[in-house]
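Counting starts at 1 for both ligands and their atoms, following the listed order. Numbers here are sequence positions counted from 1.
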Amino acid sequence: MPAHQIAVEGLHKSYGQIEVLKGISLAANKGEVITLIGSSGSGKSTLLRCLNLLEVPSAGQLFLEGQSIKFQLRKGELVETNELRLYRASLGMVFQSFNLWRHMTAVENVTAPLIHVLKLPKAEALERAEQALQTVGLFDRKDHYPSQLSGGQQQRAAIARALAIEPKVLLFDEPTSALDPELVTEVLNVITALAEGGATMLLVTHEMRFARDVSSKVAFLEAGKIEEFGLPEQVFGAPNSERCARFVSSITH
Ligand code: ADP
Ligand code: MG
């Protein structure tokens, strides 16, 4: 059997005395979309942030394509090794708040990590960036600044930036939660197209219809643990957990 594209085993995360993640194990095969659902504060963002080492896990192991990811700590901070940079660059992250650089155009936003992190030559970076902007349907707006783009367009630019690094896994943390309702669909359509194109994704969303359609598997988080895990039909239609049933019904009705 081929190795999982990404996996985490026994992940714990504490802030001081408070344990936010209490032993999470999760794996995605290549091309799978795993959606994380759960109420606010259940640990979904912390899980994604530990996966790409924006946060230091308190315990547990990360694997990318079956390789265990080694990271070093000095005084509780991650040491910026080459391995860590490579690992981070193999995961594309999209945040709720877009996180575009305001003083750069869309294409400059997409090109910047290619030049500064991947160290690509400018011409190659530009070619890749334009390709990614095509993919998200934003090529005609490539020279616009974030302030000249709608929220949906800004988020599509952020997706293009994540895509252009050609990541092994895409991580999305509530990519449509900051958008006006009429702009949600254009972003969900882009994510759906990427999923259909075979991208491996971990996705936090409150868009339950979308989650049901796009997910290979769904994980319901509750107080730092995976309380329910399975096919979308099962998690949404016939969950074993009472709390999962209540959450799903509260958010879909
Ligand atoms: P979710 O994304 O599911 O809403 P989070 O992962 O953001 O949940 O948060 C899980 C819990 O961890 C919350 O109780 C939150 O207050 C706490 N938490 C998150 N980040 C920090 C931090 N940097 N310091 C202390 N507590 C934090
Ligand atoms: Mg969150």
_Distance under 4.0 Å to a non-hydrogen atom of Val20: what atoms of ligand 1 satisfy this?_
10 (C), 11 (C), 12 (O), 17 (C)

*asked:* Using a 3.5 Å cut-off on N or O atoms only, is Ser45 in polar contact with ligand 1?
replied: yes

*For the pair Arg156 and Glu186, find out whether any cationic side-chain nitrogen is under 4.0 Å from an anionic carboxylate oxygen.*
yes

*Would Glu83 and Lys70 pass as an ion pair if we require N to O under 4.0 Å?*
no

*Would you say the side chains of Ser45 and Asp173 form a donor-acceptor pair under 3.5 Å?*
yes

*Will you find, in the side chains of Ser42 and Glu222, an N or O donor that is under 3.5 Å from an N or O acceptor?*
no

*Indicate whether atom 27 (C) of ligand 1 is within a distance of less than 4.0 angstrom of some protein heavy atom.*
yes

*Answer yes if a protein heavy atom lies under 4.0 Å from atom 12 (O) of ligand 1, otherwise answer no.*
yes

*Show the numbers, then the answer: is there a side-chain contact (heavy atoms from CB on, under 4.5 Å) between Thr205 and Phe210?*
CA-CA 9 Å; Thr205 186; Phe210 164 69; 4.2 Å; yes

*Is ligand 1 less than 4.0 angstrom away from at least one heavy atom of Ser39?*
yes

*Mind checking whether Gly43 has a heavy atom under 4.0 Å from ligand 1?*
yes

*Should Gln5 and Val169 be marked as a side-chain contact (heavy atoms from CB on, under 4.5 Å) after you check the CA-CA gap, both sets of side-chain angles, and the distance that decides it?*
CA-CA 8 Å; Gln5 185 77 351; Val169 180; 3.8 Å; yes

*asked:* Using 2.8 Å as the threshold, say whether any N, O or S atom from Ser45 sits that close to the Mg ion (ligand 2).
replied: yes

Starting from [atom], which protein heavy atom do you reach first, and at what distance in Å?
atom                    : result
atom 14 (O) of ligand 1 : Gly41 O, 4.1 Å
atom 6 (O) of ligand 1  : Thr46 OG1, 2.5 Å
atom 18 (N) of ligand 1 : Tyr15 CE1, 3.7 Å

_Test of ring centre spacing under 6.0 Å for Phe220 and Phe247_ = yes

